[in-house]
There are 2 protein chains.
Amino acid sequence: MCCYMNFKYINYQLLLLACGWLSATPIDKTDPSCYDCATLVHVRGSMSNNALRPSLADVAAKASVSVGTVSHVLNGNPKARIAQATQERIRRAADELGYRPNRFARSLAGKHVRSIGLMIPTLNNPFFISVAVVAQRRILDLGYEMVLDPIFAQEWAVIDHRRLGYWPVDGILMWTFTSQPTNEIFGAQASRMPIVYLGLMNDAYCSGVQVDFYTGMTRVLNHLIQRGRRNLAFVVPETVANKPSSDRRREAYFDAVKSLGGEIQILRYADDHEMANGRRIGLEVGALSARVRPDALVCYNDNVAIGVYHGLRAAGLSVPGDISLTGFDGIEEGQCLDNPLTTAMVPADLVCGAGIEMLIERIENPMLEQHTQIAIPTRLIVGATT
Amino acid sequence: MCCYMNFKYINYQLLLLACGWLSATPIDKTDPSCYDCATLVHVRGSMSNNALRPSLADVAAKASVSVGTVSHVLNGNPKARIAQATQERIRRAADELGYRPNRFARSLAGKHVRSIGLMIPTLNNPFFISVAVVAQRRILDLGYEMVLDPIFAQEWAVIDHRRLGYWPVDGILMWTFTSQPTNEIFGAQASRMPIVYLGLMNDAYCSGVQVDFYTGMTRVLNHLIQRGRRNLAFVVPETVANKPSSDRRREAYFDAVKSLGGEIQILRYADDHEMANGRRIGLEVGALSARVRPDALVCYNDNVAIGVYHGLRAAGLSVPGDISLTGFDGIEEGQCLDNPLTTAMVPADLVCGAGIEMLIERIENPMLEQHTQIAIPTRLIVGATT
DNA sequence: CTGAAAGCGCTTACAG
DNA sequence: CTGAAAGCGCTTACAG
């Protein structure tokens with residue numbers, strides 16, 4: 001008998017009790033037939049990951065060639081011309097051993113890491129998920145790997161960006177934030193690290209793909225005005241509301257209200273739990289009497305707008321009957337509402353595609369001293385909330 | 001003048017035109033004052049990432065010690081006792097150079113990679129985002145890095161899981177899927193790779209944290225039955241509907257309907273674009289006459305349930321007036337609906353926490369031959385949709 | 001208390 | 001057409 005089953009509880013039961021969960025249910029696998037199952041093997045020797053994997057040297061030995069030759073063949077190095085027969089022998093050996101090159105060793109030895117870091121502000125907004133999905137697909141297609149900045153934090157403030165500094169990358173694709181953390185991350189090397197900004201840039205001396213937030217938001221606002229709305233409130237995250245530098249969406253709102261001769265009304269929310277905070281705002285606005293209530297809520301993005309929508313409805317208001325609602329980004333979730341959201345669609349695929357192209361150009365031409373900036377327009381999507 | 005600004009368009013314009021976007025708007029940065037901005041530096045020599053970063057050797061040289069000594073100090077190696085003065089000198093040198101250890105080299109040299117791979121089926125379901133967030137936080141706290149399996153694909157089918165095989169990891173935390181891709185990824189090494197399964201396991205000879213889906217779904221169904229619902233339809237993804245092995249949620253549904261003497265009604269949807277597909281199902285059910293319509297829709301998870309909810313409402317039905325609706329998972333988005341969703345809450349933090357504990361135990365005790373399995377219960381959340 | 005040295009798994013000129 | 005060798009930036013016994 002090569003093993004025994006053992007239901008250990010380590011700290012889990014304490015954990016469960018501490019959290020108020022009734023109890024852990026042990027799984028009943030006492031069936032003796034388990035014991036002659038073939039899937040368990042004896043574990044012997046070092047479990048170091050390195051020991052598990054066949055190396056180039058293993059492949060070389062099996063094919064009776066040198067490691068250099070194997071490397072040339074497997075990487076399709078055009079400078080080395082290896083005999084067809086040898087190539088096939090090597091590929092067969094690699095296949096049989098299930099050889100997978102060790103990325104770490106490859107990066108160490110080569111002059112390129114062949115990977116690109118992506119920084120996005122949060123994973124808790126489906127828009128940035130689609131940015132990551134689209135970026136990764138492009139990056140893989142171009143023969144690079146993507147390293148996602150470990151932004152897996154609920155609160156933006158607690159993220160340790162410097163962590164990305166520990167992952168060797170050839171360059172950074174960065175959806176910009178309220179402040180530029182580049183120096184914080186890369187220290188003195190920041191100025192020499194190829195970086196392409198997405199979304200917006202604070203600086204003329206950088207490369208990046210801007211989204212034309214100003215025009216996009218202006219289109220949204222004009223649409224509301226055309227529909228007769230005059231009393232527009234802007235729903236905006238705290239960090240954007242507070243930051244001294246101008247935000248293009250906020251600018252567009254200010255300009256529109258000014259030219260309308262109306263009153264600026266800012267509704268702020270804490271940045272995390274965007275949808276839940278939006279819902280609370282919707283409830284609060286819904287509780288106002290019709291006289292003082294805005295006739296349209298212009299939201300900073302779709303994610304918060306969805307929450308606001310539900311809050312308004314939960315408060316008994318009709319959208320757009322009693323009040324209009326708009327978002328920004330064009331995420332699928334907004335279009336899945338019973339009344340699809342009116343919004344400005346940001347083409348994440350174009351933004352990422354252009355950004356990656358720029359970045360790889362910079363990586364592959366390190367002497368490049370020119371910077372490239374481009375602005376990509378958004379598209380107004382008229383849904384059923386206006 | 002050390003640079004010139006140049007608005008290049010490479011393929012972007014073609015891209016934009018091809019996609020039907022009107023035109024790219026060049027950014028007007030012709031202001032000549034740009035040119036004496038100090039942020040641009042001349043780029044000289046190799047831009048290889050390696051060249052950018054100070055190495056251990058640089059720190060050693062600066063502190064006039066050997067690289068071994070620097071390594072001992074910076075890693076706090078308890079076996080080596082280094083003089084306080086030397087330690088301080090080394091730390092100061094590292095600080096001044098902005099030294100960041102190269103993870104790749106460290107992993108190559110050391111016997112542990114100190115990183116854990118996480119595999120989840122999709123990022124397009126907020127539940128799995130929270131799994132990633134929670135897992136990463138725990139993993140970092142324990143001194144490991146997390147490598148997310150590049151599952152950034154819209155369609156589950158196109159994912160190349162073998163890609164994870166290229167990232168050296170000490171072990172794998174895997175939220176299981178319909179089929180176990182372990183062998184596909186790791187080949188012959190699969191049986192020696194420490195793996196902990198989350199969610200469910202097909203095998204007695206593995207370690208993992210099960211979620212008690214059966215009891216959870218049974219609670220949901222009993223709740224509906226208590227509220228007088230008798231005509232229950234099950235909304236389920238195609239892969240689950242088709243797979244031969246039993247799914248615990250599906251089993252619970254079959255058992256409940258059988259004991260009710262009712263009729264099995266399965267509504268399937270394609271796995272990707274879960275929310276949009278759910279909406280379509282909601283619309284279809286809403287179009288049925290009241291006589292043939294189910295009186296409750298039991299959804300496989302919250303993500304699809306949210307779509308169904310909107311579809312039903314868009315079709316003019318009242319939830320729960322005309323029809324009840326339930327989800328599974330307990331994601332925040334479900335609780336943000338105007339009528340919060342009735343669901344079974346899966347405690348992702350407990351599941352991940354226990355799983356990571358198990359995995360690290362296996363990594364650090366490679367000879368361990370016992371397997372640990374535990375089941376974690378879900379909690380019924382009664383919302384406003386039943 | 002500190003250093004010299006081997007080695008992790010690769011890539012890449014450079015020989016032959 | 002293929003191999004021997006240096007080297008990437010670290011860790012870790014092993015000396016001294």
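Below, chains carry the letters A, B, ... as their sequence lines are ordered, and counting in each starts from 1.
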Exercise for the section: Answer with base, sugar-phosphate or nothing: what part of the nucleic acid does R106(B) contact at a heavy-atom distance below 4.0 Å? Expected result: sugar-phosphate
Handout entry: Minimum-distance nucleotide (side-chain atoms of A109(A) versus dC8(D), dT2(D), dT11(D))
Key = dC8(D)
Completion exercise
Side-chain atoms of A83(B) come closest, of dC1(C), dC10(C), dC1(D), to dC1(C)
Exercise for the section: Could you tell me the separation between the CG atom of L108(B) and the P atom of dG9(C), rounded to a whole number of Å? Expected result: 7 Å
Problem - Residue among V196(A), I195(A), L359(A) satisfying side chain to side chain contact (heavy atoms under 4.5 Å, CB included) with S207(A) - result: V196(A)
Exercise for the section: Can you figure out which of dT11(D), dG3(D), dT11(C) approaches the side chain of S71(B) most closely? Expected result: dT11(D)
Exercise for the section: Figure out the CZ/P separation between F104(B) and dT11(D), and round it to whole Å. Expected result: 15 Å
Practice task
Using whole Å, report how far CZ of R114(A) lies from C1' of dC10(C).
Solution key: 16 Å
Completion exercise
In whole angstroms, the gap separating P of dG9(D) from CG of D58(B) amounts to 8 Å
Completion exercise
Taken to the nearest whole Å, CG/L56(B) to P/dA4(C) is 15 Å
Exercise for the section: Please determine which of L97(A), I90(A), V70(A) meets the side chain to side chain contact (heavy atoms under 4.5 Å, CB included) test together with K62(A). Expected result: L97(A)
Practice task
Return no unless some side-chain N or O of T86(B) is found under 4.0 Å from OP1 or OP2 of dT2(C).
Solution key: yes
Practice task
Quick one: label S55(B) by what it contacts on the DNA or RNA (base, sugar-phosphate, nothing), any heavy atom closer than 4.0 Å.
Solution key: sugar-phosphate
Practice task
Go ahead and name the base partner of dG3(C); Watson-Crick or wobble counts if both distances stay under 3.5 Å, otherwise write none.
Solution key: dC14(D)
Problem - Selection from dG3(D), dC8(C), dC10(D) that lies nearest to any side-chain heavy atom of Y99(B) - result: dC10(D)
Practice task
When you get a sec, tell me which of dT11(D), dG3(C), dT12(C) is the closest nucleotide to the side chain of V65(B)?
Solution key: dG3(C)
Completion exercise
note: N75(B), atom CG; dT12(D), atom P; distance rounded to Å ~ 7 Å
Exercise for the section: For the side chain of I82(A), starting at C-beta, report the closest nucleotide among dT11(D), dG9(D), dT2(D). Expected result: dT2(D)
Problem - DNA chain C: 5'-proximal contact among A105(B) and V67(B) (nearest heavy atom) - result: V67(B)
Exercise for the section: Walk me through it: do F128(A) and L123(A) pass the test side chain to side chain contact (heavy atoms under 4.5 Å, CB included)? Expected result: CA-CA 6 Å; F128(A) 291 113; L123(A) 283 184; 5.7 Å; no
Problem - I90(B) CD1 to dG3(C) C1', straight-line distance once rounded to whole Å - result: 12 Å
Practice task
Please report the shortest heavy-atom distance between G208(A) and M358(A), naming the atom on each side.
Solution key: O-CE, 3.4 Å
Problem - Salt bridge R114(B)-E364(B), side-chain N to carboxylate O under 4.0 Å - result: yes
Completion exercise
R81(B) atom CZ is separated from dG3(C) atom P, nearest whole Å, by 16 Å
Problem - Under-4.0 Å side-chain N/O to phosphate OP1/OP2 contact, T69(B) with dT2(C) - result: no
